[in-house]
Amino acid sequence: MRVRGRFAPTPSGRMHLGNLLAALLAWLDARSNRGELVLRIEDLDTQRTSPEFARQLMDDLRWLGLDWDEGGLEPAYMQSRRTIWYEEAFQVLEEKGLIYPCYCTRSERMAATAPHRDDGAVVYSGKCYHLTALERAELERAGRRPAWRVRCPDLEVALEDGNCGRYAENLAHDCGDFIVRRSDGVFAYQLAVIVDDALMRVNHVVRGRDLLCSAPRQAWLYEVLGYEPPKFFHTPLLLAPDGRRLAKRDHDLDMGALRERYTAQELTGLLAFCAGLLDRPEKVTAGELISQFSWSKVPKNDVMICLS
Ligand code: GLU
C-alpha cells in the first residue's frame with residue numbers, strides 16, 4: 001500500500017526546532033517511500049490559533065525545502081471547518097453507549113483520587129459516569145455545562161511503534177475516560193485527529209514522542225469507529241541546551257530566531273544530526289537526506305541540541 005503520511009501542526013505560534021524535526025521526519029518517511037504527504041491545519045481551538053500562524057508555518061516549511069501534496073489553508077484540511085465529521089463520529093460513539101457527560105471542574109478533576117500518569121496528566125476517576133439521571137438534571141439546572149467523555153474499557157492496547165518499539169497501556173487504568181468534546185462544544189484533539197487521519201486515508205502517523213501516550217486510546221477509537229489504524233512513528237523530542245523541553249512560548253529557538261541565525265541548509269543539517277542521519281551538523285538539503293533515511297538511525301529518546 002502506498003505510504004500516505006501527514007504533518008498536522010497546531011497554528012498557535014511560530015514553530016520551534018522540535019516541530020521542525022517532526023516535520024522533517026514525516027516528510028522523509030513519505031518521500032523515501034515514494035509516498036504522499038498531507039498538511040492538515042489543527043486549528044480546532046480557534047481562540048488559540050490563527051490563519052496567520054498557519055501561513056507563517058507553511059512559509060517556514062517551504063523555506064526549509066519541505067513540500068506537501070495536499071492540504072494547507074483549504075477548508076477540507078482545516079479542523080475548524082470539519083466539525084460535521086467529528087459530529088458524526090461522536091454520534092456513533094453515543095449510539096454505542098460510550099459517551100457520558102462530565103460536570104467536573106478543573107479543580108474537581110485534579111482532586112480526583114485516581115493516580116497521575118507518568119506524563120503528569122490525571123487519570124480521570126470516572127466520577128460522573130456514576131451520576132444518576134436525577135443528579136445530572138440537578139447539575140444542568142444549576143447551569144453547569146458538561147464536557148463529554150468516552151468510557152474506556154479495562155483493556156490492554158499494545159502497538160508496535162515504528163520508531164519506539166512496543167508500547168502498551170491498559171485504557172481504564174493508565175488512560176482513563178477521556179474528553180472528546182469540551183463543555184464549550186469544541187471537539188477534542190483525541191477525536192478529531194483519528195477522524196481526520198482515517199478520512200484522509202493516512203496510514204503513517206509521524207509526530208513527536210509527547211503524543212506516544214495518546215496512541216493506544218487513538219488505536220482503540222479507530223477500531224470502535226470501524227477504521228483501519230495507521231502505523232505510528234514517534235519522533236524524539238528536542239531539549240534545549242539547559243535541559244528544558246522546547247515550547248512555542250520560548251522564542252529563542254523558534255523559526256523567527258532560527259531563520260535569522262542559520263541558512264535552510266545549515267538548519268536542515270542540524271536537524272539531521274539530531275535525528276541521527278548525519279555524523280555531524282553540516283549543510284544539507286532535505287532532498288539529499290532521502291536516500292540515507294532509515295528509522296533505524298533515529299534515536300528513541302529525547303535529544304539535547306547543541307547549537308553552533
Ligand atoms: N497538532 C498536534 C501538534 O501540533 C500534533 C497532532 C498529531 O500529530 O497527532 O502538536
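In this text the structure is predicted, and so the values were computed from the model without any measurement.
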(message) Under 4.0 Å between a side-chain nitrogen and a carboxylate oxygen: does that hold for R217 and E223?
(response) no

(request) Determine yes or no for a side-chain-to-main-chain donor-acceptor pair under 3.5 angstrom, with E74 supplying the side chain and E70 the backbone. (result) no

(message) Measuring from atom CG of L212 to atom NE2 of H234, what distance do you get when rounded to the nearest 0.5 angstrom?
(response) 5.0 Å

(message) Side chains of D29 and W295, heavy atoms from C-beta outward: is any pair under 4.5 Å?
(response) yes

(request) Look at atom NZ of K231 and say whether more than 12 heavy atoms of other residues, nucleotides or ligands are closer to it than 6.0 Å. (result) yes

(message) For R4 and H204, which I'm curious about, is there any donor-acceptor pair between the side chains at under 3.5 Å?
(response) no

(message) I'd like to know if the side chain of K297 reaches the main chain of Q292, judged simply by a donor and an acceptor atom lying under 3.5 Å from each other, with no hydrogens or angles considered.
(response) yes

(message) I want to check something: taking the side chain as every heavy atom from C-beta on, are L20 and L66 in contact at a cut-off of under 4.5 Å?
(response) no

(request) Test side chain to side chain contact (heavy atoms under 4.5 Å, CB included) on V92 and V224 and set out the steps. (result) CA-CA 9 Å; V92 173; V224 173; over 6 Å; no

(request) Find out whether the Lys NZ or Arg CZ of R149 is both under 6.0 angstrom from the six-membered ring centre of Y129 and within 45° of the ring's axis. (result) no

(request) Could you tell me whether D279 atom CG has more than 12 heavy atoms of other residues or ligands within 6.0 Å of it? (result) no

(request) Go through the steps to decide whether R82 and D196 satisfy the test salt bridge (Lys or Arg N to Asp or Glu O under 4.0 Å), and finish with yes or no. (result) CA-CA 9 Å; R82 296 178 52 80; D196 285 346; 2.7 Å; yes

(request) Could you tell me whether the side chain of W220 reaches within less than 4.5 Å of the side chain of C175, counting heavy atoms only? (result) no

(message) Membership question, hydrophobic clusters at under 4.5 Å side-chain separation (ILVMFWY): are L225 and I84 in the same one?
(response) yes

(request) Spell out, as yes or no, whether a donor-acceptor pair under 3.5 Å connects the side chain of Q91 to the backbone of E88. (result) no

(request) Measure the CG-CG distance between L267 and L258 for me, rounded to the nearest 0.5 Å. (result) 5.5 Å

(message) Could you tell me if T268 and Q265 have a donor-acceptor pair between their side chains, going purely by distance under 3.5 Å?
(response) no

(request) Establish whether L171 and I99 are linked, either directly or via other cluster members, by ILVMFWY side-chain heavy-atom contacts under 4.5 Å. (result) yes

(message) Hydrophobic clusters here meaning ILVMFWY residues chained together by side-chain heavy-atom distances under 4.5 Å, can you tell me if L237 and I305 are in one?
(response) no

(message) Checking D197 against Y227: is there a side-chain donor and acceptor pair closer than 3.5 Å?
(response) no

(request) Would you check if V298 and P236 make a side-chain contact, meaning some heavy-atom pair closer than 4.5 Å? (result) yes

(request) Quick one: do R40 and E42 satisfy salt bridge (Lys or Arg N to Asp or Glu O under 4.0 Å)? Show the steps, please. (result) CA-CA 6 Å; R40 183 171 66 241; E42 300 217 320; 2.9 Å; yes

(request) Say whether T10 and S12, considering side chains only, have a donor N or O and an acceptor N or O under 3.5 Å apart. (result) no

(request) Check whether any side-chain heavy atom of V3 lies under 4.5 Å from a side-chain heavy atom of E36, and answer yes or no. (result) no

Exercise answer: donor-acceptor pairs, residues 140-148 side-chain atoms, under 3.5 Å, sequence neighbours excluded:
unit_1: E140; atom_1: OE1; unit_2: R145; atom_2: NH1; d: 2.8
unit_1: E140; atom_1: OE2; unit_2: Y103; atom_2: OH; d: 2.6
unit_1: R144; atom_1: NH2; unit_2: Y103; atom_2: O; d: 2.9
unit_1: R144; atom_1: NH2; unit_2: E108; atom_2: OE1; d: 3.2

(request) Please answer whether the main-chain N or O of T46 pairs with a side-chain N or O of D43 as donor and acceptor at a distance below 3.5 Å. (result) no

(message) What I'd like to find out is whether the side chain of M200 reaches to under 4.5 Å of the side chain of Y77, using heavy atoms alone.
(response) yes

(message) Check for me, please, whether F53 and V186 land in the same ILVMFWY cluster - side-chain distances under 4.5 Å, paths through other members count.
(response) no

(message) Give me the atom names and distance for the closest heavy-atom approach of L61 to A23.
(response) CD2-CB, 3.8 Å

(request) Please step through salt bridge (Lys or Arg N to Asp or Glu O under 4.0 Å) for the pair D45 and R182, ending with a clear verdict. (result) CA-CA 10 Å; D45 188 339; R182 299 186 341 195; 3.2 Å; yes

(message) I need the I41 CD1 to M78 CE distance, nearest 0.5 Å.
(response) 7.0 Å

(message) So which atom in A192 and which in Q79 form the shortest heavy-atom distance, rounded to 0.1 Å?
(response) CB-NE2, 3.7 Å

(request) List the steps and the verdict of side chain to side chain contact (heavy atoms under 4.5 Å, CB included) for R6 and V205. (result) CA-CA 7 Å; R6 48 63 150 189; V205 168; 3.6 Å; yes

(request) Drop me the distance from T235's OG1 to D210's CG, to the nearest 0.5 angstrom. (result) 8.0 Å

(message) Ignoring hydrogens and geometry beyond distance, is a side-chain donor-acceptor pair present between D254 and H16 at under 3.5 Å?
(response) no

(request) Taking all heavy atoms of G269 and all of L278, pick out the closest pair and write down the distance. (result) O-CD1, 3.8 Å

(message) For the backbone of G126 and the side chain of R151, can you confirm whether one donor and one acceptor N or O come within less than 3.5 Å of each other?
(response) no

(message) Any salt bridge linking D69 with R31? Criterion: basic side-chain nitrogen under 4.0 Å from a carboxylate oxygen.
(response) yes

(request) Tell me yes or no: between the side chains of N163 and K300, is some donor less than 3.5 Å from an acceptor? (result) yes

(request) Nearest 0.5 Å please: distance from the CD atom of Q218 over to the CG atom of L211. (result) 7.0 Å

(request) Given side chain to side chain contact (heavy atoms under 4.5 Å, CB included), test L270 with L17 step by step and report yes or no. (result) CA-CA 10 Å; L270 185 65; L17 213 50; 4.3 Å; yes

(message) Any salt bridge linking R181 with E87? Criterion: basic side-chain nitrogen under 4.0 Å from a carboxylate oxygen.
(response) yes

(message) If you define the side chain from C-beta out and look only at heavy atoms, does anything of F178 sit under 4.5 Å from L221?
(response) yes

(request) Check the surroundings of atom CZ in R244: do more than 12 heavy atoms from other residues, nucleotides or ligands lie under 6.0 Å from it? (result) yes

(message) Check R166 with D161, please: is the shortest side-chain N to carboxylate O separation under 4.0 Å?
(response) no

(request) Mind listing the closest non-hydrogen atom pair of A198 and Y222 along with its distance? (result) CB-CE2, 4.0 Å

(request) Would you please test Y167 and E169 for side-chain hydrogen bond (donor to acceptor under 3.5 Å, both in side chains) and show each step? (result) CA-CA 7 Å; Y167 181 75; E169 268 189 9; 2.8 Å; yes

(message) Can you tell me how far apart CG (L199) and OH (Y86) are? Round to the nearest 0.5 Å.
(response) 9.0 Å

(request) Show your reasoning for whether side chain to side chain contact (heavy atoms under 4.5 Å, CB included) applies to F232 and E160. (result) CA-CA 8 Å; F232 291 102; E160 195 57 38; over 6 Å; no

(request) Please name the pair of heavy atoms, one in G176 and one in C152, separated by the smallest distance, quoted to 0.1 Å. (result) O-SG, 3.4 Å

(message) Around atom CZ of R81, are there more than 12 heavy atoms from other residues, nucleotides or ligands closer than 6.0 Å?
(response) no

(message) If hydrophobic clusters are built by linking Ile, Leu, Val, Met, Phe, Trp and Tyr wherever their side-chain heavy atoms come under 4.5 Å apart, do F273 and L64 end up in the same one?
(response) no

(request) Side-chain contact test, heavy atoms from C-beta onward, threshold under 4.5 Å: evaluate it for Y189 versus I179 and give yes or no. (result) no

(message) Using every non-hydrogen atom in the two residues, find where G18 and L246 come nearest and quote the distance to one decimal.
(response) N-CD1, 3.6 Å

